[in-house]
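Heads up: the structure comes next, in structure tokens.
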2 protein chains.
Amino acid sequence: MGTVSKALNGTGSLREETRRHVRETAERLGFVADARARGLVAGRTYTVGFLTTDSFGRFMLPILMGAEDALSVGQIAVILADTRDDHAREQHLLRSLRSRRVDGLIVTGRTTDARDPLDVDIPVVHAFAPSNDDSAPAVLTDEAGAARLVVEHLLAIGRRRILHVTGPERHRSSRVRAEEVRRVAGEALVGEPMFGAWSEEWGLRAIDLALASGLEFDAVCAGSDQIARGVLDRLRERGLSVPADVAVTGVDNWDVMALAARPALTTADLCLAEIGRRSGEMLLDLVEGRELSEQRVVVPPRLEVRGSTV
Amino acid sequence: MGTVSKALNGTGSLREETRRHVRETAERLGFVADARARGLVAGRTYTVGFLTTDSFGRFMLPILMGAEDALSVGQIAVILADTRDDHAREQHLLRSLRSRRVDGLIVTGRTTDARDPLDVDIPVVHAFAPSNDDSAPAVLTDEAGAARLVVEHLLAIGRRRILHVTGPERHRSSRVRAEEVRRVAGEALVGEPMFGAWSEEWGLRAIDLALASGLEFDAVCAGSDQIARGVLDRLRERGLSVPADVAVTGVDNWDVMALAARPALTTADLCLAEIGRRSGEMLLDLVEGRELSEQRVVVPPRLEVRGSTV
DNA sequence: GAAAGGTACGCAAACGATTGCCTGTCCGGA
DNA sequence: TCCGGACAGGCAATCGTTTGCGTACCTTTC
């Protein structure tokens with residue numbers, strides 16, 4: 001047993017011939033070492049939990065994939081845990097993850113509103129959804145940066161009357177971005193930010209409201225691609241031309257929306273896969289006991305310029 | 001150790017007082033039994049792999065969630081494995097899953113084209129994406145049934161000139177549904193099924209093509225909600241009223257598309273979560289050595305009637 | 001030819017649970 | 001008083017690895 005273990009793991013001092021023989025025999029018999037037993041000795045499981053407070057959705061997926069990529073480097077598998085926003089369910093899942101002795105946890109959620117810290121004694125990295133505990137390791141998106149990116153772009157192409165249509169005011173995301181839009185646009189912001197919902201329907205209605213109240217604007221900075229798409233549709237229906245009369249921007253770079261829009265949508269990509277990747281790397285560092293170079297990483301968004309502004 | 005084990009698991013013969021004492025102490029110390037060690041003895045890991053041949057996407061999510069629900073009943077956790085359609089990656093992931101001694105595998109993919117069977121010696125259930133091996137346990141969607149559902153609905157509301165706009169002909173999904181549309185619609189099918197792409201853009205273009213070639217139709221049966229949405233947009237732009245002049249149906253019941261469409265889209269829901277749930281249940285039966293009541297389950301689609309047809 | 005030194009391999013403990021079996025204690029009955 | 005039986009709980013083997021240490025054998029050198 002000992003010799004086989006050493007041969008397969010390249011440890012100990014064995015003749016090359018012996019190693020080869022063991023490896024070939026293992027191959028022939030289809031033997032693969034049992035990761036549990038190995039983990040039992042090593043004091044690790046080479047497994048982490050991916051805990052999402054909301055259901056899995058469009059935002060979770062790229063993060064999950066990025067994390068999986070980064071963790072696979074450390075031979076780590078990902079166990080899913082979806083709390084469905086239910087506290088009892090979360091407790092139950094955490095218990096299950098603890099019994100499985102996961103090496104660490106990536107915690108995420110649909111909104112960027114902060115969540116209460118978890119009471120666990122293993123490394124935790126927050127991805128996308130921040131923790132109330134500011135000192136907890138986290139990889140976050142730059143909400144304000146996304147807003148800045150699109151507004152500066154609109155200003156750069158000469159727009160001076162910008163309308164801001166965004167999601168519900170109760171979401172931190174909407175508030176932070178609206179504040180940044182106000183700051184960067186300054187005089188160029190037309191009226192007040194219009195808070196509503198993260199839906200196409202709100203985009204449609206917001207344009208109706210804006211036109212009805214006689215606002216004049218040459219750009220709409222929408223809080224999401226879905227809102228932007230509603231905005232684009234209604235502008236077209238009202239006979240306004242995009243981008244000639246009105247330029248439109250979104251946030252998310254959700255291909256289904258941004259590419260199907262007519263014209264295709266200029267938008268801020270939040271680089272969710274990158275957030276996932278960095279989270280995975282950070283957790284890997286923590287699990288393997290390395291010092292973190294930074295506790296808190298903010299992934300800068302990226303501007304994707306398409307036909308709706310140029 | 002033995003006594004504690006018996007107390008916590010409710011086995012052996014112990015005084016009730018002893019059990020209570022052990023449980024309370026465990027609670028106080030935050031002790032949770034190590035699932036690995038338990039599995040080592042039990043010969044199981046209470047863990048299954050979720051292997052998706054394509055990346056995770058919109059189709060995978062509901063299936064995954066359904067499966068997670070069903071499996072959580074058996075205290076089973078799900079390990080993700082995303083092959084990204086790369087054979088080498090698949091082999092590597094399978095090796096990792098084998099070394100983790102997962103109790104079983106759920107295999108799925110984005111398309112309903114059949115895939116080659118896996119060479120593994122644990123229970124496998126195919127979900128959504130069938131296997132080439134017809135005898136393999138599987139939970140599938142009823143492609144033809146979805147087509148029948150919408151066509152029968154269109155016939156029932158009195159439409160007699162139905163246009164069929166669908167995805168690429170190389171996808172089994174398009175072919176099977178087109179065949180069923182032809183069979184059920186009979187005389188009522190206008191021209192040939194129009195194969196294209198699973199995109200809004202194709203929906204737009206297909207209507208242009210149909211109108212240009214002088215086809216007359218009072219209904220469009222689209223192969224997906226995305227196509228249907230393109231169809232709806234272009235019909236409106238061409239001055240045709242939906243559903244008065246033309247009724248439109250989709251397939252998928254993808255809320256983002258179906259609810260944002262104007263009018264909201266009548267569509268066939270493939271009940272993906274149900275497919276996931278049934279797959280999970282089936283795998284649980286296999287893992288726990290129970291006889292399967294049926295090797296092959298077909299989940300019937302459900303018609304969701306909305307404004308685009310009534 | 002014998003001792004010294006080095007290399008390759010085997011042995012056994014340990015990781016953290018479960019479980020069958022054995023033992024000790026207590027009770028009741030003869 | 002002694003024995004039998006029932007019940008509670010402790011002991012140790014087991015699952016499949018890793019790893020440090022001991023040992024056998026081979027080589028080299030005087």
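Every value quoted in this text rests on a predicted model; they were computed, and no experiment measured them. A, B, ... follow the sequence lines: proteins, then strands. Residue 1 opens every chain.
- Remark: P of C:dA8 and CZ of A:R19 are 9 Å apart, rounded to the nearest angstrom.
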Show, in sequence, the C-alpha distance, side-chain angles and deciding distance for A:S99 and A:R95, and conclude whether the side-chain hydrogen bond (donor to acceptor under 3.5 Å, both in side chains) test is met. CA-CA 6 Å; A:S99 86; A:R95 196 185 163 84; over 6 Å; no
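- Going from atom CD of B:E17 over to atom C1' of D:dG9 covers 13 Å, rounded to whole Å.
- Each of B:L40 and B:G2 was matched to the nucleotide of DNA chain C holding its nearest heavy atom; the match closer to the 5' end belongs to B:L40.
- Nucleic acid contact for A:T18: sugar-phosphate only, since backbone atoms but no base atoms lie under 4.0 Å from a heavy atom of the residue.
- Under the side-chain hydrogen bond (donor to acceptor under 3.5 Å, both in side chains) criterion, A:T45 pairs with A:D103, not counting sequence neighbours.
- At whole-Å resolution of the value, CG in B:N9 and P in C:dT19 are 7 Å apart.
- Checking B:A37 against B:T3, the closest nucleotide of DNA chain D that is more toward the 5' end is the one next to B:T3.
- Taking atom CG on B:L8 and atom P on D:dG9, their separation rounds to 14 Å, with Å as the unit.
- At a threshold of 4.5 Å between non-hydrogen side-chain atoms, the residues B:R177 and B:H171 do not count as touching.
- Between the side chains of B:N9 and B:T11, no donor-acceptor pair is found at a separation under 3.5 Å.
- As a whole-Å value, the separation of A:M1 CE from D:dC15 P is 11 Å.
- For B:E16 and D:dG9, the CD to P distance is 11 Å, given to the nearest whole Å.
- As rounded to whole Å, 16 Å separates atom C1' of D:dG16 from atom CZ of B:R100.
- With D:dC21, C:dA17, D:dC11 as the choices, the nucleotide that has an atom nearest any side-chain atom of B:K6 turns out to be D:dC11.
- Regarding B:D34, its CG atom lies at a distance of 16 Å from the P atom of D:dT17, rounded to whole Å.
- Using a 4.0 Å cut-off, some side-chain N or O of B:R15 falls inside it from OP1 or OP2 of D:dG9.
- A distance of 12.5 Å separates CZ of A:R38 from CZ of B:R36, quoted to the nearest 0.5 Å.
- Across all strands shown, B:R101 has heavy atoms under 4.0 Å from sugar-phosphate atoms exclusively, and none from any base.
- The shortest distance between the side-chain N/O atoms of B:S13 and the OP1/OP2 oxygens of D:dA8 is below 4.0 Å.
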